[in-house]
Amino acid sequence: MSILTHGLDRPFPVERPVRLSTARKARLKRLALGALTLLSMGSVLTALIALKTAIYVWHLHA
């Protein structure tokens, strides 16, 4: 909640910490690791395409 819309005389409500089960935590870790792997593979693929394009352009002007 923003201070602009919440009165300064009242304290902010304290929210309960969210407790995740062990199975859910493990599933979220696997999902995060899969997403990171996918992004890394995409980055490597992009770098390889850029390198191939640079080599092609270099040989084109040589």
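Since this is a predicted model, take the numbers as computed values, not measurements.
Residue Ser43 holds its OG atom at 11.0 Å from CG of Leu48, rounded to the nearest 0.5 Å. Atom CG of Leu39 is separated from atom OG1 of Thr46 by 10.5 Å, given to the nearest 0.5 angstrom. We find the CZ-CG distance between Arg24 and Leu31 to be 10.5 Å, quoted to the nearest 0.5 Å. In this structure, CG on Leu28 lies 12.5 Å from CG on Leu33, to the nearest 0.5 angstrom.
Using a 4.5 Å cut-off between side-chain heavy atoms of Ile, Leu, Val, Met, Phe, Trp and Tyr, Ile55 falls into a hydrophobic cluster with Leu51.
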